[in-house]
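See structure below.
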Amino acid sequence: MKHWLFKSEPGAFSYADLEASPNRTTGWDSIRNYQARNMMRDEMSVGDPVLFYHSQTGKPAVVGVAEVASTPYPDPTQFDPDSRYFDAKATLEAPRWFQVDIRALRPLERPVTLAELRNVDELAGMYLLRRGNRLSIQPVTEREFRYVLSLAAG
DNA sequence: GCCAACGTTGGC
DNA sequence: GCCAACGTTGGC
């Protein structure tokens with residue numbers, strides 16, 4: 001079992017939006033970064049725990065816990081000519097982009113902000129805290145995952 | 001809105 | 001295969 005962090009802009013899709021989705025689940029579509037795709041396609045398993053992170057907001061923070069809820073499958077937006085994520089080089093026989101579903105489990109007791117994470121020695125190695133990191137899907141160690149939860153629990 | 005960092009594209 | 005140009009991300 002691996003642990004992950006998924007970024008989302010709450011203005012586009014928030015943790016509350018995930019909780020409000022049918023079965024508290026949504027397909028994580030529109031990812032157009034090869035590293036992120038590879039993680040979804042090759043490394044994720046149903047049940048993997050996920051930290052849900054809000055970016056592009058006044059207080060970027062981990063706000064909730066989710067889990068991987070499907071095996072990987074082709075991202076349908078790549079085949080849709082009307083989508084901004086349409087990819088003319090993708091075919092049904094050879095899809096280029098893959099996604100998984102994620103399901104909301106529970107919100108954190110309180111958001112754990114990026115600023116707060118930066119002040120914790122134990123989390124110094126977190127990918128999220130690396131300079132210039134832009135990956136919207138990131139691996140998290142089990143230790144890091146638990147530590148973030150413990151911060152939220154106080 | 002600014003800017004640093006990074007990935008992708010495409011000419012050569 | 002190099003590398004400049006460009007677009008995007010995301011914190012501040």
Side-chain angles (χ1 to χ4, degrees), chain A residues 2-21 26-44 48-68 72-105 107-141 143-152 154:
Chain A
K2 294 180 176 172
H3 298 67
W4 308 98
L5 180 146
F6 280 46
K7 282 183 194 169
S8 190
E9 300 176 24
F13 192 84
S14 68
Y15 188 75
D17 291 329
L18 181 61
E19 290 185 303
S21 300
T26 198
W28 209 248
D29 64 18
S30 310
I31 298 298
R32 293 295 179 270
N33 171 283
Y34 287 105
Q35 278 181 268
R37 177 204 68 180
N38 292 348
M39 285 187 271
M40 290 197 290
R41 188 189 61 185
D42 305 333
E43 297 187 53
M44 291 192 188
D48 280 0
V50 170
L51 295 174
F52 197 100
Y53 176 85
H54 282 171
S55 65
Q56 303 275 50
T57 172
K59 276 199 182 299
V62 178
V63 297
V65 182
E67 66 178 358
V68 175
Y73 60 96
D75 177 340
T77 63
Q78 71 193 304
F79 306 124
D80 176 3
D82 295 327
S83 168
R84 71 172 276 210
Y85 297 102
F86 177 67
D87 186 339
K89 293 180 180 170
T91 65
L92 287 167
E93 297 73 27
R96 184 182 278 200
W97 305 108
F98 289 80
Q99 65 183 77
V100 296
D101 293 347
I102 67 167
R103 175 186 302 124
L105 292 180
L108 297 189
E109 290 86 346
R110 62 176 185 84
V112 178
T113 66
L114 180 62
E116 185 176 356
L117 296 175
R118 287 197 191 284
N119 281 328
V120 177
D121 289 343
E122 288 85 343
L123 298 178
M126 259 187 107
Y127 185 93
L128 183 71
L129 306 182
R130 288 191 209 163
R131 212 165 107 71
N133 98 80
R134 294 192 319 177
L135 267 184
S136 63
I137 295 176
Q138 309 174 0
V140 175
T141 67
R143 177 184 297 264
E144 290 163 350
F145 190 94
R146 286 190 184 163
Y147 203 93
V148 172
L149 297 192
S150 76
L151 287 174

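Proteins get letters first, then strands, A, B, ... in listed order; numbering begins at 1 in each.
The CZ-P distance, from Arg130(A) to dC6(B), rounds to 11 Å in whole Å. As a whole-Å value, the separation of Lys59(A) NZ from dC12(C) P is 10 Å. Distance CD1 (Ile137(A)) to C1' (dG10(C)): 16 Å, rounded to an integer number of Å. With rounding to whole Å, Leu135(A) atom CG is found 17 Å from dT8(C) atom P. Remark: C1' of dA5(B) and CG of Leu129(A) are 16 Å apart, rounded to the nearest angstrom. To the nearest angstrom, C1' of dG7(B) lies 14 Å from CD1 of Ile31(A). What separates CZ of Phe6(A) from P of dG10(C) is a distance of 14 Å, to the nearest Å. Rounding to whole angstrom units, CG of residue Asn33(A) and P of dG10(C) are separated by 10 Å.
Considering only side-chain atoms of Arg118(A), the nucleotide from dT8(B), dG10(C), dC12(C) that sits closest is dC12(C). Among the nucleotides dA5(B), dC12(C), dG10(C), the one closest to any side-chain atom of Ser55(A) is dG10(C).
Comment: Arg32(A) engages Asp75(A) in a salt bridge, judged by a side-chain N to carboxylate O separation of less than 4.0 angstrom.
With ring centers used as reference points, Tyr34(A) lies under 6.0 Å from Trp97(A).
Regarding contacts with the backbone of dG10(C), a side-chain N or O of Lys7(A) is found under 4.0 angstrom from either OP1 or OP2. Side-chain nitrogen and oxygen atoms of Tyr34(A) include none within less than 4.0 Å of the OP1 or OP2 phosphate oxygen of dT9(B). Between Gln56(A) and dT9(C), a side-chain N or O to OP1/OP2 separation shorter than 4.0 Å is absent. For dA5(B), one of the phosphate oxygens OP1 or OP2 lies less than 4.0 angstrom from a side-chain nitrogen or oxygen of Arg131(A).
Mapped onto DNA chain C by nearest heavy atom, Arg134(A) and Leu114(A) fall at different nucleotides, with Arg134(A) at the one closer to the 5' end. Checking Gln35(A) against Lys89(A), the closest nucleotide of DNA chain B that is more toward the 5' end is the one next to Gln35(A).
Between the side chains of Thr77(A) and Asp80(A), not a single donor N or O lies within less than 3.5 Å of an accepting N or O.
Arg143(A) places no side-chain N or O within 3.5 Å of a backbone atom of Glu122(A) that could act as its donor or acceptor partner.
With Trp28(A) as reference, Phe52(A) is the one residue of Phe98(A), Tyr73(A), Phe52(A) to meet the ring-ring contact (aromatic ring centres under 6.0 Å, His included) rule.
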